[in-house]
Structure formats: structure tokens, C-alpha cells
Amino acid sequence: MTAFKKQILEILVHEDCRYSPEKIATLLGAEAADVRAAVSELEREGVVVKYAAVVNPEKREEDFVDALIEVKVTPQKALGFDAIAEEIYQFPEVKSVYLMSGGYDLCVMIEGRTLREVANFVSEKLSVMDTVISTATHFILKTYKKDGIILEEGEQAKRIAVQP
Amino acid sequence: MRAERYLSRLASSIPPSGIRKFFDLVAEMDDAISLGVGEPDFPTPWNARDAAVKSIQKGYTRYTSNAGLPELRKAAAAYFRERFDLGYDPADEILITVGASEAIDLCFRAILDPGDEVLIPQPSYVSYAPNVTLCGGKPVPVECFERDDFKVRPENLERAVTEKTKAVLLPYPNNPTGAVMEREALEALVPVIQRHDLLAVSDEIYCELTYGSPHVSIASLPGMRERTLVINGFSKAFSMTGWRVGLLAAPREFLKVILKIHQYVIMCAPSMGQYAALEALKSGLRDNFAEVARMRAQYDMRRRFMVKSLNDMGLHCFEPRGAFYVFPSVESLGMDGEAFADALLREQKVAVVPGSAFGESGRHFVRMSYAYSMRSLDEAVARISEFVSRHRADGKASRRP
């Protein structure tokens, strides 16, 4: 990837993905047309797949359950882990799936409306798969920091407002 | 008891800082956005903080040598050599101070006798002139203008020289204007400085924050090392303001006297700050100051954003090449900086610093710091823009017959 695209990506991911090409161009000292072209390429190449808001789950004021499920599986001949992952990520309640190093194989993040819903997913859909050896479900209790943003409204280091 | 009877006339003669009033006003508002700071928004790099904690845990909490930790002076010498082509002997030509502020004070104390004059380009940082005054010297402002990119011009320097002039202060990269003096601009000053046999006191605290060409120290120009006192430090480049660790580099005949004053007045810079600074320098020398570069890249984006936004709303803004301030002119609104800052704070709750705080030639300007997150700058720009269009409309309305 070109340095220019990397810089753009950095702004979209870490600053604000709603910034216009004009504004990104200003920040980078570049031409808006070039930024627009680079962003389209990033989208076309599948580097940027979605522009989404980062939400503080503590403030959503609706009931939902986030869970992280450790899944141990038996890899299939020739297909390895990919085929199993594919089978799992088909379920709409699955938000993310990662292949992991360490004590288990797949990390599955799911969101359900209730505890029961998550439990049902694990017992009726995940555990029953032939290739799945075992699962361990962890419910997320509280989110402190998300995508680089500290969500806690605690004491933060402050600067004196006016200085020479 | 009348305190005036006891207070020294010299100390009493110093005017209070021009920013105090704004500070008090902002402190009373809870939803104010301040663009008034003079320090980075990034936290001190973690490894430097950790080094300080470790030094405390290990009990390295005693006086260090008066001049500062020998390892730190050695690292500073390597830093000066590598970044600015400056050669100083860590044994007796480098002093670790309590921030660049102490270094400024020490330089003037060491060189000034009553009546000696120091040329101070303005607009510039608020403490130079009072420091000179406290040493019994006479600060002589040399005005710098936007048409010269706020650089100090040799002819203006020349004009201000008298037989009592002892030194010229060089505050570049500049707070508040963001001006820098590139090599050619510095070279043009050298003949004036040499002809009148002056010293250069060069405050290079923002040296790592230049956008475009890297900083050049006047001490690195031919014939200037022997007559330059270099002030530097960790506050701005390494986001270490609260640690209070600065650097002073000078030829040994000067440093000997400077060290004597430092030793009587301060003893030594705080040990934990020195250990943090040592780690900052060591890791910087290892990875080519990657952390500094990362922060500089962030500042640079915000700088472009601020310059463009201000110019777009009709506040003419010079393009700064250093530090982390923009210095727009507010003259087009028919206000001076003071009136603008006052009204902006009351009406839009955005704090900026009037340019007059930095010298008479800054009267029609305000200083805005961009050491803030883009999110804060976005909000501040929106509020300032509203303010500007409202006052422009007002101005037009009132001019109608």
C-alpha cells in the first residue's frame, strides 16, 4: 500500500471516518481529487469494508449481551480451519471470528439480546457442529476502552487552560 | 503593614502576565474550549514515565551532580551532535536545568550587568523581558512583522544596537507566531552579531517541531559557537512539561559561571525528571526519534487544518513553520487581539491568547494553540467561524449610513 493511502487510512480509522476528502486533503497537504481517488481504491480493493460508529455499550440503554466464545475444533483435512470458520461466520448473530494461537482455535464474538439467546446459540448451533470439540463462553461485563477510546468518565489528566 | 515598603522596586516594576485575566475567566466556565495552552496534548511517552518510576523504586532519589546526571549530559551531547551538528563536551559544556525557563534565567544572570541591553525579537515568549529586567538589564524589543514571516531582520537588529547591547535573544522556532529562522535567515544575522561583538542567546525549545526544513541552530554557523548560549529541553518535543528538565549548552568559560549560579540557586534538576529525560533521549537516539516524529506528524495535520480553516473564514493567518501555534490577524474584524479574545471567550466560550501578551507588535493578532485533538479543534473552529461571521455582519451593518 502506498504511504499516501496509509496516511488516509490512519485518519479514517483513528480520527473520523466521516471526514470529507477535502478535509483529509487539508490535513495531509494534498489534493482532494487524489484523496477521493485513493479512498475509492481502498474501498474497491476491500481494504475499507465499512464505515461505522463506535458506540459506548454502557450508554445504549437497551438490553443486549456480548460474549466471547473460545472454540476448540478438529481441523479438517485439506481445508484446515477455514471451512469451520466459514460455517460459523454464516450465523447472523456472530459479529467476528478470529483464528487464534494458544489454548484454543477460534475466537467467536457474538451479540444476543438476552443471555438465553446466547446460550441457545452455543448449545444448539455451535456445540453441535461435528468439528467442534469444546466451547467456553465468556460474557462481557463492562467495556472500559473501545477502538482506542476510553469510555470511562473518570478523572483524566488535565492541562491548565491558558498558559504562556 | 505595607508590603510595598519592603518589596524591591525592581520586582514590583515587572508588569503582571497579560494572560492572567483570561485564565481566571476560563476557570469559571465549564464548557469552554481552550486553545490557550502552551504544552503538548500527548502524554509523556510511556518508556520515559516508566524510567522515572523505576528510578524512584530503586531509590535514585538523591541530589544528582550539580550539572546533572553524567549519563544524561552524555546523551544530550550525542543528541546535539546528531540532530544539530553541535559539539559540546558533556563534562563541562552542558548543564541540565529545571526546564528551559531556568536556562533562560541563568543565561541572563550570567551575562548581564546593570544597564546592559538585550535585544528581544517580538512577538515572543513572555518571560524574556522580565528575566532581563530582574537581572538589572534592559530588554530592548525588536519588532518582527508578518510581512517578514515574523523573522527578525538584520537591519532591524542593527538599528536597535547601542554601545550597551550585550546580547541578542533568538526565540526560534517561535512561540507565539510559529515562525522559524532557516539557515539563510540566521546567516544574515551573523555579521551584525559579530560586528557588534554580541552574544546570541538561542532558545531552541521548539527545535523538534518544525514543518518543512529541519531546525538549524545558530551555534552551528561558522564563528558562532563561541558566542552562543543554547537553550533547549524536553518539554515540547518529548511532551515532558511537568517534569521540568531543560538543557543549556555553552562554551566552557560561560558554562563555568552559569553552573556556579545554578548550584547556589537550584542545586540540581529533579532526579526523577532527569531519569525520564535520559530514557527519552536514549530511546530517541536508538530509533531515530520515532516517537517525536509521530507527534510532529499529528501537529502538522492540525497545523494545516487550522491555517486553512482560519483563512477560509476570513481571518488572515500566516503559515507557521514551527512550534504548535497559529497566529492569525484579527484586524479585518476591526478589533485588536485583546478585544477579540475577550469577546470570543464571552460569546463563544473559546479561549485564545491575545497577541499583545507577547509584545506590542502582536497587538492585532491572537495566538491559538493546536496542541489539541482534532475533535476539539473541529469544535473550536466551528465556534470561531460563527463568531467571525456574526462580527463581520455587525461591522457591515454599522458601517451603513
Side-chain angles (χ1 to χ4, degrees), chain A residues 1-39 42 48 51-56 58-59 144-164, chain B residues 17-29 32-41 43-44 101 124-127 175-176 211-212 241-242 294 297-298 300-309 311-312 319 341 345 351-354 357-358 367 369 371-375 377-378 381:
Chain A
M1 199 187 314
T2 63
F4 184 52
K5 280 191 195 164
K6 273 188 199 157
Q7 285 178 313
I8 293 174
L9 212 50
E10 178 79 22
I11 292 172
L12 293 176
V13 174
H14 293 297
E15 212 59 73
D16 195 328
C17 64
R18 294 174 308 168
Y19 280 179
S20 67
E22 287 73 20
K23 182 155 182 179
I24 294 172
T26 301
L27 297 183
L28 297 177
E31 292 300 322
D34 295 339
V35 173
R36 205 171 286 118
V39 170
L42 284 169
V48 173
Y51 299 93
V54 178
V55 175
N56 183 348
E58 309 297 320
K59 294 201 168 175
Y144 295 96
K145 185 174 181 179
K146 197 173 172 187
D147 288 353
I149 308 290
I150 295 169
L151 303 175
E152 286 263 281
E153 287 166 358
E155 184 94 343
Q156 301 275 338
K158 277 209 185 93
R159 293 182 289 174
I160 293 176
V162 181
Q163 309 162 343
Chain B
S17 168
I19 65 167
R20 186 73 225 173
K21 186 179 103 189
F22 288 92
F23 176 78
D24 292 340
L25 275 173
V26 181
E28 286 164 19
M29 301 179 177
I33 295 188
S34 171
L35 299 185
V37 306
E39 67 181 328
D41 56 319
T44 303
S101 300
S124 59
Y125 183 58
V126 298
S127 86
N175 168 12
Y211 314 100
T241 46
R294 194 183 60 76
Q298 290 290 316
D300 197 9
M301 285 204 266
R302 302 166 184 180
R303 176 184 72 101
R304 293 199 187 97
F305 172 68
M306 288 306 285
V307 172
K308 170 117 189 347
S309 303
N311 280 317
D312 282 355
E319 190 187 341
L345 184 57
V352 300
V353 180
F358 307 96
R367 186 194 75 176
S369 166
Y372 293 90
S373 67
M374 272 303 295
R375 189 184 265 251
L377 294 179
D378 275 327
V381 161

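Computation of the quantities below employed the complete heavy-atom set of this structure, encompassing side-chain atoms and omitting hydrogens, waters and symmetry-equivalent molecules. This structure is a prediction, so every number in the text was calculated from the model and none was measured.
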Taking side chain as everything from C-beta outward and backbone as N, CA, C, O, which of these in B:A341 sits under 4.5 Å from a heavy atom of chain A? Side chain, backbone, both or neither.
neither
Check side chain to side chain donor-acceptor pair (under 3.5 Å) between A:E31 and all other residues, then give those that pass, not counting sequence neighbours.
none
Hey, does B:Y372 have a side-chain heavy atom less than 4.5 Å from the side chain of A:R159?
yes
Measuring only between side-chain heavy atoms, which start at C-beta, is A:I150 closer than 4.5 Å to A:K145?
yes
How long is the straight-line distance from CZ of B:R302 back to OG of B:S309, given to the nearest 0.5 Å?
13.5 Å
Is there a side-chain contact between A:K59 and A:L151 in this structure, where contact means two heavy atoms from C-beta onward sitting under 4.5 Å apart?
no
Just wondering, do A:R36 and A:V39 contact through their side chains at under 4.5 Å, heavy atoms?
no
Going by the rule side chain to side chain donor-acceptor pair (under 3.5 Å), which residues pair with B:R367 if we only count those two or more places apart in sequence or in a different chain?
B:N175
Most heavy-atom pairs under 4.5 Å with chain A, out of B:V307, B:D378, B:T241, belong to B:D378
Do you know which of B:V26, B:V352, B:V37 has the most heavy-atom pairs under 4.5 Å to chain A?
B:V37
Residues in side chain to side chain donor-acceptor pair (under 3.5 Å) contact with B:K308, at least two apart in sequence or another chain
B:D312
Chain A heavy atoms under 4.5 Å from B:F305: which part of the residue, side chain, backbone, both or neither?
both
Residues of residues 8-22 of chain A under 4.5 Å from chain B (heavy atom pairs)?
A:I11, A:E15, A:Y19
